[in-house]
Participant: 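Let me begin by handing over the structure; questions about it come next.
Per chain, numbering begins at 1; letters A, B, ... match sequence-line order.
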Amino acid sequence: MAGFDKVVKSYAEALAGLTDDMTIIAGGFGLCGIPEGIIAEIKSMGVKGLTFVSNNCGVDDFGLGLLLEDRQIKKMISSYVGENALFEQQFLSGELEVELTPQGTLAEKMRAGGAGIPAFYTATGYGTPVGEGKEVREFDGRPYILEESITGDFAIVKGWKADRYGNVIYRHTAQNFNPMAATAGKITIVEVEEIVEPGELDPAHIHTPGIYVNRLIQGSFEKRIEKRTVRSA
Amino acid sequence: MAGFDKVVKSYAEALAGLTDDMTIIAGGFGLCGIPEGIIAEIKSMGVKGLTFVSNNCGVDDFGLGLLLEDRQIKKMISSYVGENALFEQQFLSGELEVELTPQGTLAEKMRAGGAGIPAFYTATGYGTPVGEGKEVREFDGRPYILEESITGDFAIVKGWKADRYGNVIYRHTAQNFNPMAATAGKITIVEVEEIVEPGELDPAHIHTPGIYVNRLIQGSFEKRIEKRTVRSA
Amino acid sequence: MALSREQMAQRVARELQDGFYVNLGIGIPTLVANYIPEGMEVMLQSENGLLGMGPYPTNEELDADMINAGKETVTAIKGASIFSSAESFAMIRGGHVDLTVLGAFEVDVSGNIASWMIPGKLVKGMGGAMDLVAGANNIVVTMTHASKHGESKLLTQCSLPLTGAGCIKKVLTDLAYVEIAEGSFWLKERAPGVSVDEIVAKTEGEIVVPDVVPEMEF
Amino acid sequence: MALSREQMAQRVARELQDGFYVNLGIGIPTLVANYIPEGMEVMLQSENGLLGMGPYPTNEELDADMINAGKETVTAIKGASIFSSAESFAMIRGGHVDLTVLGAFEVDVSGNIASWMIPGKLVKGMGGAMDLVAGANNIVVTMTHASKHGESKLLTQCSLPLTGAGCIKKVLTDLAYVEIAEGSFWLKERAPGVSVDEIVAKTEGEIVVPDVVPEMEF
């Protein structure tokens, strides 16, 4: 790699340096916009004791759920972790730790982590179990709780197109948590459907500027649909 | 106006409800990306005692500087206010109050104001006059100061194109503070170069979703250049 | 008679106004989209990052990259915008959504809501519900008035862990439309053929009953 | 002899590495862009919202909507990205910029920097300087070693209001390249023909001088 060319040749190269007990920030919402090839590589690497910061944990046989099969995940920081029998089983047996975090707070924690904001106040979760043990402060007569930001050793992100410099755009609602995840990893890996040359993407429409991206790889995606809802034409 | 059509017929309609002593959040960086027609209307309305939250205050005879001529501005919350003799004179005579705020903190205060975050911690300004009187707290061994968010009675924004629903895109670096300003006004007014029909802008490339925009008007812009620097071809 | 799910959605739809940005939760709230009054425009926000949610796609339109917060495949209307989760919750937490409709297990006279966790049962998570109730000024909670075992869900104090504190002002149950103010429920409307006595009997928290309680019309 | 502005820029450019994202302040720092070593790629960040700043435009390219943080008209390189001020300072404050170069009035042995305010003189504002010094891990300060009146700008304690506290580790003056660590300046290099004695004499704060202080070469 020279200059700003972020493209790596293999998934092994993309994930070089990932070891047991690290924290990974993952983009995606349900099975939408998840870095499928990166997850597969983490599975085949067999690293264990991982903490994942991700809105969900996939389903039994897809997405992050795949990493439950070999008990690679120690802890999930998520807003919603249904849809997964293996998850339930490992959670109930105490093998898997779960830190439930409101969805908006989770997104903001990732953004803050990437943006050098160590903590912020939010009304979300005040007076609920989420607020327990957290500082409460009033602004303008309303109580808010203090939430700290999150960063990870790695961030894994799924984009649509990226140029070689790592400027990424996302497709439709596959954007979701990916842009924030991209900012919050010490090493950020982006897996995309298509890699283009610098200059092919409009600078004003870049969702994730290349400064946040360390490694870029082109993948192929199954894009499994969780709830196929259709209407007759 | 019916449904989501945000287009207003006149600048008077765009600024209806603006009265003395209100706070206005303004987009723009220097003279780049400023809502020229809206500023002209504020001047002709003659409202006084205004507080402006804006990175700069224009120059003597352009941008927000125009509002200094009739002493309409009581206070500026800005990061940089050079380039303006009239400003200097009113500031030194005590007529004009100035609250200097670091540029990144200013941008984040606007964003936080629009995003329901009443306050956040930042290292910016710690140990400097900006940090005086503000709470200091350590995270991970580093000191940060607490900064509160900003909202305004109005926000005035300059866009490039918008659809009738108020979905806005910005052109080049005329984006600057405009997207954050757009989120932080109780009433947000956007002045654009071109209004298009819903569906003409790519949903994935909207910089400011219409939910933040209350009133939309098409203007014509001088776009004065502050420092014309060119090279020979 | 108690309202059907469709009637509940229909009644909630009367809270809509032209030009409202609306977030509809899963279940009965989703059905509200079917009862938007003719000539009125409403834009649906889905908290995974879509403003301007359209109907389900046809088979030809189906796209794995276009889903709603319930993970269903959807479409986007003309004039939609798509953005990150951080931007989506900036909208929600910042109070830019005009109306939020969501279900609950319990509400109480202080405007507290419990909707995500039943101790002893597996907890799947709060998703975006805590942000939605903390961020919206205008929330309608939809739920049955009482549990299957006849226990009231309109309480003096929620017994389950809260989703939000002091944030609920409007509740539509299968029996009544109730507002919350000054530490009480205020009975505003009753389902057709449901007596005030039945509503009061099934409301554990203090409820203020006016002389006349109009019946809802459908 | 003291370094010229161009030589200072040239020396700072030696801190660049291939693939660095760099923010250059106004004045001498801006000149650094002229001395990027051949075969090395560096991307310039401008805090008004541009990553991948190119040269000044030709008359034909001139565009009022394309400026840098100094409000000069500029161009964007292929592979540039343009974004809001909030995103720009997220990058800066979040430590994603590899090198920041900026001027100063004073620095001190604790790594404090004063660069924006001289009491009694009109204060124009700090612009993005406070964010830049708080956010970057790798900052080079460029300034003359002493004022026109011969007063040292490398102090035991800054006398002017600070721009940032404890954040400066590298200082290039017209006389020397100095690092800051453990509460001292550490003399690393001297300008060609400038004696260690002159540097020490013009450095008010404690300065550690090694046995050999190499001369810079140009």
Participant: Not counting sequence neighbours, which residues clear salt bridge (charged side-chain N to carboxylate O under 4.0 Å, His left out) with A:K43? List them please.
Facilitator: A:E69, A:D70
Participant: Pick one of side chain, backbone, both or neither for D:V42, based on which atoms fall under 4.5 Å of a heavy atom in chain A.
Facilitator: backbone
Participant: A:Y126: what forms a side-chain hydrogen bond (donor to acceptor under 3.5 Å, both in side chains) with it, not counting sequence neighbours?
Facilitator: none
Participant: Looking only at N and O atoms, which donor-acceptor pairs between chain A and chain D are within less than 3.5 angstrom?
Facilitator:
{"unit_1": "A:G3", "atom_1": "N", "unit_2": "D:D18", "atom_2": "OD2", "d": "2.7"}
{"unit_1": "A:K6", "atom_1": "NZ", "unit_2": "D:Y21", "atom_2": "OH", "d": "2.7"}
{"unit_1": "A:G114", "atom_1": "O", "unit_2": "D:H96", "atom_2": "NE2", "d": "2.7"}
{"unit_1": "A:A115", "atom_1": "O", "unit_2": "D:R93", "atom_2": "NE", "d": "2.8"}
{"unit_1": "A:A115", "atom_1": "O", "unit_2": "D:R93", "atom_2": "NH2", "d": "3.3"}
{"unit_1": "A:N167", "atom_1": "ND2", "unit_2": "D:G79", "atom_2": "O", "d": "2.8"}
{"unit_1": "A:P203", "atom_1": "O", "unit_2": "D:I82", "atom_2": "N", "d": "2.9"}
{"unit_1": "A:G210", "atom_1": "O", "unit_2": "D:Y21", "atom_2": "OH", "d": "3.3"}
{"unit_1": "A:Y212", "atom_1": "OH", "unit_2": "D:E87", "atom_2": "OE2", "d": "2.6"}
{"unit_1": "A:Y212", "atom_1": "OH", "unit_2": "D:M91", "atom_2": "N", "d": "3.4"}

Participant: Any residues in residues 127-143 of chain A near chain D, with a heavy-atom distance under 4.5 Å, and which are they?
Facilitator: none
Participant: Go through the atoms of A:L201 and report whether side chain, backbone, both or neither lie under 4.5 Å from a heavy atom of chain D.
Facilitator: neither
Participant: Please find the pair of heavy atoms, one from A:P209 and one from D:L51, that lie closest to each other, and give the distance.
Facilitator: CB-CD2, 4.2 Å
